[in-house]
2 protein chains.
Amino acid sequence: MKPLYDKLTKELKRNNIRISYQRLKVLEYLVNHKCHPTVEQIYSSLNKDIPTLSKTTIYSTLNTLADAGMIRVINIEDHETRYDATIENHGHFKCESCGEIYDFNIDMDLLVTKDLKNFKILDKNVYFKGVCPDCMNKKNQ
Amino acid sequence: MKPLYDKLTKELKRNNIRISYQRLKVLEYLVNHKCHPTVEQIYSSLNKDIPTLSKTTIYSTLNTLADAGMIRVINIEDHETRYDATIENHGHFKCESCGEIYDFNIDMDLLVTKDLKNFKILDKNVYFKGVCPDCMNKKNQ
DNA sequence: ACCAATATTGTAATAATTACAACTTAATTA
DNA sequence: TAATTAAGTTGTAATTATTACAATATTGGT
């Protein structure tokens, strides 16, 4: 068995998630594709290896992994959910011109507010939008 | 004409948006309902006054207002876009138990990162999720 | 290897959003 | 103020993302 599978298997077990080929494949895909893929992208790619794969399985798996905190859900817009295997706190920037989503480092601990004193905060997301350097250059040409 | 309509008319004109009864009504609704309504909520309410109202008009109007920067789009999750007439920078907290969305003050200027040095940032959103005090109390009973 | 619990699959249903053509209204000019 | 033109509204149909669910298959523990 590939070392990565071994590592992912352990992580799944640590979170009390049963092991299946599909789950390992989805996790592997996310770990190897840090480009914030959509369900469609994950499905299309894995479908080549697993012809019987169902899109429902992708949804189900992603929800399971997200509930366990193993992956992050990105709802930056477009009614098209994206997923991210990097769970350390970071922000997401979406270029409104090319659609690309970029990661950026940000200290979430700076995000404090008295207004949420008695709230239990489980998840923090920071989404920026604008134009990326590549698209800025294209416009100026 | 109501004073609010007069004010909203001026704001629309300042943004080069043509005046229509539907647009005034949508804007008025958002100003009077700061609860981050969905398209469905806006439509259901306005439909009582304007029986011929089309949901397409709501979508079109909201997109126009958002493009002009007159309202904010909230994509916190659930594949259900919400809209907010308060455009001053503030964060949104969604209670995962009751679904309510709360505003909270946050200094967006604290959100700086070297990673986006050459990016043009047009919009900043901060979304938190968790459990609100009301739902915390209910759970402990 | 067996069994019970859980996962996967495929289809169908649901829900949000957009496309588009016909009709209506708003702003502009004479 | 009437005519003109550009833009907005409407209703229907199409598209797309996501969920529901029942039948089948697989997993993990005994």
Side-chain angles (χ1 to χ4, degrees), chain A residues 1 5-6 8-27 29 36-44 46-68 70-71 73-83 99, chain B residues 1 5-6 8-27 29 36-44 46-68 70-71 73-83 99:
Chain A
M1 196 191 271
Y5 282 16
D6 205 39
L8 298 180
T9 298
K10 277 179 193 157
E11 280 194 44
L12 286 168
K13 286 194 173 160
R14 193 180 313 137
N15 285 284
N16 293 313
I17 297 173
R18 287 168 80 152
I19 313 306
S20 75
Y21 187 62
Q22 290 86 341
R23 285 177 176 170
L24 280 172
K25 278 295 192 179
V26 169
L27 246 187
Y29 184 88
H36 322 93
T38 63
V39 168
E40 187 58 43
Q41 290 171 321
I42 301 168
Y43 174 74
S44 303
L46 297 188
N47 199 29
K48 293 169 194 158
D49 286 324
I50 319 168
T52 61
L53 185 65
S54 169
K55 209 177 273 186
T56 305
T57 303
I58 310 284
Y59 279 105
S60 152
T61 301
L62 291 169
N63 287 334
T64 301
L65 298 176
D67 287 347
M70 293 181 67
I71 61 175
V73 179
I74 306 175
N75 262 102
I76 199 163
E77 71 169 353
D78 275 352
H79 318 290
E80 188 176 62
T81 306
R82 292 169 175 279
Y83 298 87
Chain B
M1 195 190 268
Y5 282 19
D6 205 40
L8 298 180
T9 298
K10 278 179 191 156
E11 279 194 47
L12 285 168
K13 286 195 173 160
R14 194 182 310 138
N15 286 284
N16 292 314
I17 297 173
R18 287 170 79 155
I19 312 306
S20 76
Y21 187 61
Q22 290 85 343
R23 285 179 176 170
L24 280 171
K25 277 297 194 179
V26 169
L27 246 187
Y29 185 88
H36 322 94
T38 62
V39 168
E40 187 57 43
Q41 290 172 320
I42 301 168
Y43 174 73
S44 303
L46 298 187
N47 200 29
K48 292 171 195 158
D49 287 323
I50 320 168
T52 61
L53 185 66
S54 169
K55 210 177 270 187
T56 305
T57 303
I58 309 284
Y59 278 105
S60 152
T61 299
L62 291 170
N63 286 335
T64 301
L65 298 175
D67 288 347
M70 292 181 68
I71 61 173
V73 179
I74 306 175
N75 263 101
I76 199 163
E77 71 170 352
D78 274 351
H79 317 291
E80 187 176 63
T81 307
R82 292 171 176 275
Y83 298 87

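Letters go in sequence order (proteins before strands), and every chain restarts at 1.
Between the side chain of A:Arg18 and the base of C:dA7, no donor-acceptor pair of N or O atoms lies under 3.5 Å. Side-chain atoms of B:Ser20 and base atoms of D:dG8 include no donor and acceptor less than 3.5 Å apart. With hydrogens and angles ignored, a donor-acceptor pair closer than 3.5 Å exists between the side chain of B:Ser54 and the base of D:dG11.
Using a 4.5 Å heavy-atom cutoff, the side chains of B:Glu40 and B:Glu80 are not in contact. In this structure, B:Arg23 and B:Thr64 have side chains that are in contact, with non-hydrogen atoms separated by less than 4.5 Å.
Within the structure, every side-chain polar atom (N or O) of A:Gln22 is placed at least 4.0 Å from both OP1 and OP2 of D:dT26.
Note: A:Lys48 NZ to A:Leu53 CG = 12.5 Å, rounded to the nearest 0.5 Å. In this structure, OH in B:Tyr21 is found 9.0 Å from CG in B:Leu46, a value given to the nearest 0.5 Å. Rounded to the nearest 0.5 angstrom, B:Ile74 CD1 and A:Asn75 CG are separated by 13.0 Å.
Of the two residues contacting DNA chain C, namely A:Ser60 and B:Thr81, the nearest-nucleotide position lying further toward the 5' end is that of A:Ser60. The nearest heavy atom of DNA chain C to B:Ile17 and to B:Glu40 marks one nucleotide each, and the one closer to the 5' end goes with B:Glu40.
Atom CG in A:Leu27 sits about 14 Å away from atom P in C:dA7, given to the nearest Å. Rounded to a whole Å, the CG atom of B:Leu62 is 11 Å from the P atom of D:dT9. Taking atom CG of residue A:Leu24 and atom P of nucleotide D:dT27, one finds them 10 Å apart after rounding to whole Å. Taking atom CG of B:Asn15 as the reference point, atom P of D:dG8 lies 13 Å away to the nearest angstrom. A:Asn47 places its CG atom 15 Å from the P atom of C:dT8, with the value rounded to the nearest Å. Going from atom NZ of B:Lys25 over to atom P of D:dG8 covers 20 Å, rounded to whole Å. Put simply, CZ on A:Arg82 is 11 Å from P on D:dT18, counting in whole angstrom units. Taking atom CZ of B:Arg23 as the reference point, atom P of C:dT24 lies 19 Å away to the nearest angstrom.
With D:dT9, C:dT9, C:dA16 as the choices, the nucleotide that has an atom nearest any side-chain atom of A:Thr57 turns out to be C:dT9. Of the candidates C:dA16, D:dT10, C:dT9, the closest approach to any side-chain atom of B:Glu80 belongs to C:dA16. Comparing atom distances between the A:Thr61 side chain and each of C:dA27, C:dT8, C:dT9 picks out C:dT8 as nearest. Which of C:dT9, D:dG11, D:dG28 sits closest to the side chain of A:Ile19 comes down to D:dG28. Counting only heavy atoms from C-beta on, A:Tyr59 has its side chain closest to D:dA17 among C:dT8, D:dA17, D:dT10. The A:His79 side chain lies nearest to C:dT17 when the options are C:dT17, D:dT19, C:dT9.
Residue contacts for B:Thr56: at a heavy-atom cut-off of 4.0 Å it reaches a base atom on one of the strands shown.
Judged by distance alone, the side chain of B:Ser60 and the main-chain N or O of B:Thr56 form no donor-acceptor pair under 3.5 Å.
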